[in-house]
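Below: the structure, in C-alpha cells.
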Amino acid sequence: VAATEYANLSFETSGKLVELNAAEGQVVEKGTLLARLDTTTLYAAYQQAQYNLRSAQATLNNVYDQLQGHEKDESFTQIQTRAAAEVARDNAYQSKVIAQRNLAGATLYAPFSGIVTHVVNPFIGAFVTASMPQFELLNPETIYFSVTADQTEVTSIKPGQEVQINLDAFSDKKLFGVVKKIAFAPSAAEAGVAYEVQVDLNGSVLD
C-alpha cells in the first residue's frame, strides 16, 4: 500500500527547534505551519546582507555618476572601476538571496493536506540537521494498492478496469479496486520484466 501524496519533510538548514505545531496522527491542511527553527542568527545574516547590498548599490551609483559623459570614451581604468563596482553589487545581491533562502528554510509548511504519520523530534529544544527528515506526511485520499504484473500479464490490464485483490492474510475476504495507472517502464526492483500497476482503493469493499 502506498500513496501518491506522501512526503518526508526536512528543514533546509540546521538549528534548534523552537516551535512545533504538529503531532503524530494530527490532520493538517495544506500550508499549515508545522515547525520552526531559531532564526536569530539567520535573521541577523539576512539583515547584514541587506546592508551590504545597499552599500554596494550606493558605491555603484557613485561610480556611474563619476563616469557620466564618458559612455563612449571610457578609459581602461574607468571600465575596470565600473566593472568592479557592478560585480560587487551583483555579489551582494546573490548573498542577500542566499541569506533570505536560509531564513525561509528554517520554517516547515505542509505541502498538501494529510495526516502527520511520524515526527522525528517531537519536543522543543532539539537540534535538527539540515536535510534530515523531521516529518512524514501522507494524504489518505491518495492511497493506492501497488501490485506488479509481468510482461505477459500487463497487456491484458488497462486503466479504469475493475479488479479484485486476494490477500493471503485475509483469504476469506475480497478487496475490490480500479486500475489507476500502469507504469510505462518495468520496475528495476523486480526480477525479470515486471510493471507496477496502481489500483485505486477508494470505494473498495471488504466482504
Just how far is it from atom CG of Asn52 to atom OG of Ser95, taken to the nearest 0.5 Å? 7.5 Å
Does any N or O in the side chain of Gln78 come within less than 3.5 Å of the main-chain N or O of Ser75, such that one atom is a donor and the other an acceptor? yes
Counting N and O atoms only, with roles assigned by atom type, does the side chain of Thr142 sit under 3.5 Å from a partner on the main chain of Glu5, one being a donor and the other an acceptor? yes
Here the pair of heavy atoms bringing Lys180 nearest to Pro159 is O-CB, 4.3 Å
Flag yes if Val147 and Ile143 sit in one hydrophobic cluster, no otherwise; membership is Ile, Leu, Val, Met, Phe, Trp, Tyr, and two members link when side-chain heavy atoms are under 4.5 Å apart. yes
Looking only at non-hydrogen atoms, find the nearest pair between Tyr195 and Phe184 and report the distance. CE2-O, 3.7 Å
Between Asn102 and Ile98, is there a side-chain heavy-atom distance shorter than 4.5 Å? yes
Does Thr13 use its side chain to pair, donor to acceptor, with the backbone of Gly105 at less than 3.5 Å? no
Cluster question for you: counting only ILVMFWY and a side-chain heavy-atom cut-off of under 4.5 Å, with indirect links fine, are Leu137 and Phe11 together? yes
Got a donor-acceptor contact below 3.5 angstrom from the Gln134 side chain to the Met132 backbone? yes
Mark yes or no for whether Thr32, through its side chain, and Val28, through its backbone, hold a donor-acceptor pair below 3.5 Å. no
Would you say the side-chain atoms of Ser55 pair up with the backbone N or O of Tyr51, donor to acceptor, closer than 3.5 Å? no
Counting only heavy atoms not in Gln164 (residues, nucleotides, ligands), do more than 12 fall under 6.0 Å from its CD? yes
Has Thr117 got a side-chain atom pairing as donor or acceptor with Glu136's backbone, closer than 3.5 angstrom? yes
Hey, is the main chain of Ala23 close enough, under 3.5 Å, to the side chain of Gln26 for a donor-acceptor pair? yes
Shortest non-hydrogen separation from Leu60 to Arg82 and the atoms involved: CD1-O, 4.3 Å
Without hydrogens or angle criteria, can the side chains of Glu196 and Ser146 be said to hold a donor-acceptor pair below 3.5 Å? yes
Those residues at least two apart in sequence (or on a different chain) that pass side chain to side chain contact (heavy atoms under 4.5 Å, CB included) with Ala49 are Lys96, Ala99
Would you say Val119 ends up clustered with Val128 if hydrophobic residues are merged whenever their side chains have heavy atoms under 4.5 Å apart, either directly or through other cluster members? yes
Testing the basics here: between Asn139 and Ala3, what is the closest heavy-atom pair and its distance to 0.1 Å? O-CB, 4.2 Å
Is it true that a side-chain atom of Asn121 and a backbone atom of Phe123 form a donor plus acceptor pair closer than 3.5 Å? no
Cluster overlap Tyr43 with Val18, hydrophobic side-chain contacts below 4.5 Å: no
Taking atom types as modelled and ignoring hydrogens, do the side chains of Tyr64 and Gln68 form a donor-acceptor contact shorter than 3.5 angstrom? no
Got a donor-acceptor contact below 3.5 angstrom from the Thr39 side chain to the Leu103 backbone? no
Compare every heavy atom of Asn8 with every heavy atom of Pro133, then report the nearest pair and how far apart it is. CB-CB, 4.1 Å
Point-to-point distance, once rounded to the nearest 0.5 Å, from CG of Asp38 to OG of Ser14: 12.5 Å
Heavy-atom distance under 4.5 Å between the side chains of Gln57 and Arg54, does that happen here? no
Are Val163 and Val179 packed together at the side-chain level, in the sense that at least one heavy-atom pair is separated by less than 4.5 angstrom? yes
Can Asp90 and Gln94 be counted as having a side-chain donor-acceptor contact under 3.5 angstrom? no
Report the distance from atom CZ of Phe76 to atom OG1 of Thr81, rounding to the nearest 0.5 Å. 10.0 Å
Cluster question for you: counting only ILVMFWY and a side-chain heavy-atom cut-off of under 4.5 Å, with indirect links fine, are Leu33 and Phe112 together? no
Leu9 versus Pro111: any side-chain heavy-atom pair under 4.5 Å? yes
For residues 7-26, pull every pair meeting salt bridge (Lys or Arg N to Asp or Glu O under 4.0 Å), keeping only residues two or more places apart or in separate chains. Glu12-Arg101, Glu19-Arg36
Using a 6.0 Å cut-off, check whether atom OH of Tyr93 has over 12 heavy atoms from anything other than its own residue. no
Residues that Thr129 engages under side chain to side chain donor-acceptor pair (under 3.5 Å), provided they are two or more places apart: none
Looking at Phe127, I want to see if its CZ is surrounded by more than 12 non-hydrogen atoms of other residues, nucleotides or ligands under 6.0 Å. yes
The reported gap from CG in Leu37 to CG in Leu108 (rounded to nearest 0.5 angstrom) is 7.5 Å
Closest approach of Ala110 and Glu29, non-hydrogen atoms and distance? CB-O, 3.6 Å
So CD of Glu141 and CG of Leu138: to nearest 0.5 Å the spacing works out to 11.0 Å
Kindly compute the distance separating CZ (Phe135) from CG (Leu34), expressed to the nearest 0.5 Å. 5.0 Å
